[in-house]
Student: 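Take this structure, written in structure tokens, and hold onto it; I'll ask about it next.
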Amino acid sequence: MSESQDAVEPIAEPIAGSIAEPATGPATAPAAESLGDRVRSAAKWSLINTLIIRIGTFATGVILARGALTPADWGLYAIGSVAQAVLLSFNELGVSLAVVRWDRDPREFAPTVVTLATASSTLLYVGLWFLAPDLARMLGSPHAIGVLRILCFAVVVDGMACVPNAVLMREFRQRARLTIDLLTFVVSSGLTLILAFRGWGASSFAWGGVAGVMVALVGCGIAAPGYLRPGWDRATARELVHYGAPLAGASLFVLATMNTDSAVVGATLGPVSLGLYRVAFTMSSWPVRAISETARRVSFAGFSRAAESAHTLTEGFTSGLSPLLIASVPACALLAALPGPVIRAVYGDQWNGATGALRYLAILGLLRIIFELCYDFLVAAGRSRALLTVQALWLAALIPALVIGAHHHGLSGVGMGHIIVAAGLIAPAYLVTLRAVGIRPTRILAVTWRPILGGALIVAVALAVNHVAGNSDAAIAGAGFVAVAVYVPVAVPASAMREVWIAMRSRIARGRRSTLSPPPVVADESAPV
């Protein structure tokens with residue numbers, strides 16, 4: 001299952017793989033390599049992957065927003081991405097997660113997973129094809145029919161490739177993902193740019209995305225040979241559906257929650273407002289995509305391997321939450337403090353209408369990072385039904401909040417509706433659910449109070465510097481630099497800073513010793529003894 005895509009993302013979740021890396025995964029790893037070593041290595045490569053792709057995606061979006069597409073084009077594409085995201089949330093019925101979670105050899109049940117996922121994805125796409133006209137009219141954009149039909153073909157490809165994608169996640173092969181993700185990005189973004197500057201409008205996104213996922217599917221098949229082969233076993237299929245149904249339901253609620261706002265904005269405020277809103281949502285998702293996505297590529301597999309020990313599992317959650325917050329708070333706080341100057345500096349004056357929504361969506365982005373880690377933890381802990389309840393509660397409360405907010409305060413009201421529900425209802429619901437598996441609220445507070453206090457200081461300092469220095473690009477950069485300089489001593493514990501400093505000094509010292517020491521003397525084996 002793939003998450004919803006932001007407005008300038010390559011269409012569909014990149015399908016993982018590497019042509020050069022063997023598909024045996026852990027079997028090729030050194031026997032002494034621990035789970036922690038594998039997780040750290042995977043996290044490193046995931047971070048590299050995410051940074052490269054996100055920087056490229058960001059640059060592509062800026063080029064398109066400044067020179068090729070209008071808010072109306074963005075709005076039409078957003079309609080298609082909403083439908084695609086909802087279908088992707090349950091297109092493979094949640095069964096692919098069994099490949100990551102189950103202890104048995106995935107080759108035993110993978111063919112049945114491929115058959116279930118491909119069949120369900122194809123049926124969903126056929127239904128979307130016939131319902132596209134009614135859906136486009138319902139969302140206030142009758143011209144989005146073609147975009148819907150092209151864009152959602154990625155659902156079929158995602159279903160076909162879900163098993164090898166899950167295998168690579170199971171085996172922590174994040175280094176392998178980099179090759180296919182880069183190829184997908186180059187093809188998808190390259191074709192999108194070419195078509196957009198030729199006047200194809202929103203359709204440029206759709207065709208670029210389809211080309212990208214097809215390239216990814218081919219690479220995926222080469223990277224994990226044997227995992228695209230369909231098959232069928234009735235007992236296995238029944239077990240898989242029983243396992244995946246609650247997860248598919250929870251994922252559907254997650255995706256519906258993150259895309260209901262677009263449906264509400266499109267239906268109540270029109271496609272132009274929807275285009276502005278999607279730009280604001282994209283900017284608020286920068287930290288989510290750059291940081292949370294990096295973590296999620298290894299967090300679920302890591303939690304799953306640690307699930308046999310309740311103590312190890314809970315320790316993994318709290319130890320993972322702290323660095324996630326430390327890394328993500330600065331960007332979210334700066335976007336919340338200076339939404340207008342940041343939008344004008346990045347996208348230009350024609351997107352100023354997105355400012356009101358971004359202020360609140362930046363806070364939502366921080367909450368999403370925390371909630372996504374909770375989601376992966378609860379799935380690994382076997383609490384999928386409780387998770388389904390939380391996600392259903394979120395969606396049920398969010399719809400009226402967004403509708404009321406849109407009618408009374410426009411795009412700003414939509415952002416406010418998100419925050420009221422997420423902070424006032426869902427955060428306490430997650431705390432209750434986590435407490436049931438042994439994680440007390442005081443434990444969470446102990447690892448979150450420093451970054452949250454530091455974030456408040458960032459907002460105060462950024463606003464003060466901006467008030468004095470103005471809205472120039474240099475002033476914005478200065479405000480960000482000063483705010484982050486104030487943040488680090490507050491958010492990062494002194495003990496952690498000392499450990500980093502000691503590690504840096506040790507590494508520098510080792511580098512100097514290796515540079516100054518003479519090369520080893522190799523004995524001449526031909527000389528007489």
Side-chain angles (χ1 to χ4, degrees), residues 2 4-15 56-88 91 121 124-158 183-217 259 262-263 265-267 270-279 281-282 347-348 350-351:
S2 299
S4 68
Q5 301 301 303
D6 297 328
V8 295
E9 297 279 341
I11 315 304
E13 185 84 3
I15 301 171
T57 299
F58 167 72
T60 302
V62 172
I63 293 170
L64 290 171
R66 285 185 170 272
L69 300 178
T70 66
D73 294 325
W74 231 271
L76 290 177
Y77 167 70
I79 294 295
S81 67
V82 169
Q84 182 201 49
V86 172
L87 295 182
L88 284 172
N91 66 311
S121 299
L124 285 173
Y125 179 68
V126 171
L128 180 279
W129 178 277
F130 290 106
L131 292 175
D134 295 330
L135 182 61
R137 284 193 295 270
M138 182 180 68
L139 295 176
S141 300
H143 300 295
I145 298 172
V147 174
L148 279 169
R149 287 173 170 170
I150 300 168
L151 192 59
C152 289
F153 182 73
V155 172
V156 179
V157 181
D158 181 83
L183 289 173
T184 301
F185 168 74
V186 170
V187 172
S188 177
S189 297
L191 184 59
T192 298
L193 286 168
I194 292 171
L195 296 180
F197 279 95
R198 288 178 175 268
W200 286 53
S203 296
S204 58
F205 281 120
W207 286 113
V210 169
V213 296
M214 293 304 297
V215 169
L217 177 61
N259 289 276
S262 293
V265 172
V272 174
S273 293
L274 177 57
L276 294 170
Y277 181 81
R278 290 305 299 180
V279 164
F281 194 89
T282 297
Y347 289 112
Q350 67 170 327
W351 302 94

Student: Return yes when atom CH2 of W351 has more than 12 non-hydrogen atoms of other residues, nucleotides or ligands closer than 6.0 Å, and no otherwise.
Tutor: yes
Student: Please round to the nearest 0.5 Å and tell me the distance separating atom OH of Y277 and atom OG1 of T282.
Tutor: 10.5 Å
Student: Scan for salt bridge (Lys or Arg N to Asp or Glu O under 4.0 Å) pairs involving residues 71-87, sequence neighbours excluded, and state none if there are none.
Tutor: none
Student: If you take all heavy atoms of A196 and L64, which pair is closest and at what distance?
Tutor: CB-CD2, 3.5 Å
Student: How close do M214 and V157 get, counting heavy atoms only, and between which atoms?
Tutor: SD-CG2, 3.8 Å
Student: With sequence neighbours excluded, what pairs up with A144 under the side-chain contact (heavy atoms from CB on, under 4.5 Å) test?
Tutor: L76, I79, A136, S141
Student: Would you please name every residue forming a side-chain hydrogen bond (donor to acceptor under 3.5 Å, both in side chains) with S121, sequence neighbours left out?
Tutor: N91
Student: If we ignore hydrogens and angles and just use 3.5 Å, is the side chain of Y125 paired with the main-chain N or O of R149 as donor and acceptor?
Tutor: yes
Student: Output yes when a side-chain donor or acceptor of T184 lies under 3.5 Å from a complementary backbone atom of V213, and no otherwise.
Tutor: no
Student: Tell me, please, which residues at least two apart from V272 pass side-chain contact (heavy atoms from CB on, under 4.5 Å).
Tutor: P71, A72
Student: Can you sort out the partners of S204 under side-chain hydrogen bond (donor to acceptor under 3.5 Å, both in side chains), two or more places apart, ordered by chain and number?
Tutor: none
Student: Atom CG of L131 and atom SG of C152: how far apart are they, to the nearest 0.5 Å?
Tutor: 11.0 Å
Student: Taking all non-hydrogen atoms of both residues, which atom of L193 and which atom of I63 are closest, and how far apart?
Tutor: CD2-CG2, 3.9 Å
Student: Would you please name every residue forming a side-chain contact (heavy atoms from CB on, under 4.5 Å) with I150, sequence neighbours left out?
Tutor: A206, W207, V210
Student: Can you name the nearest heavy-atom pair linking A211 to L191, along with the distance?
Tutor: CB-CD2, 3.7 Å
Student: State, with a plain yes or no, whether a side-chain heavy atom of V187 is found less than 4.5 Å away from one of L183.
Tutor: no
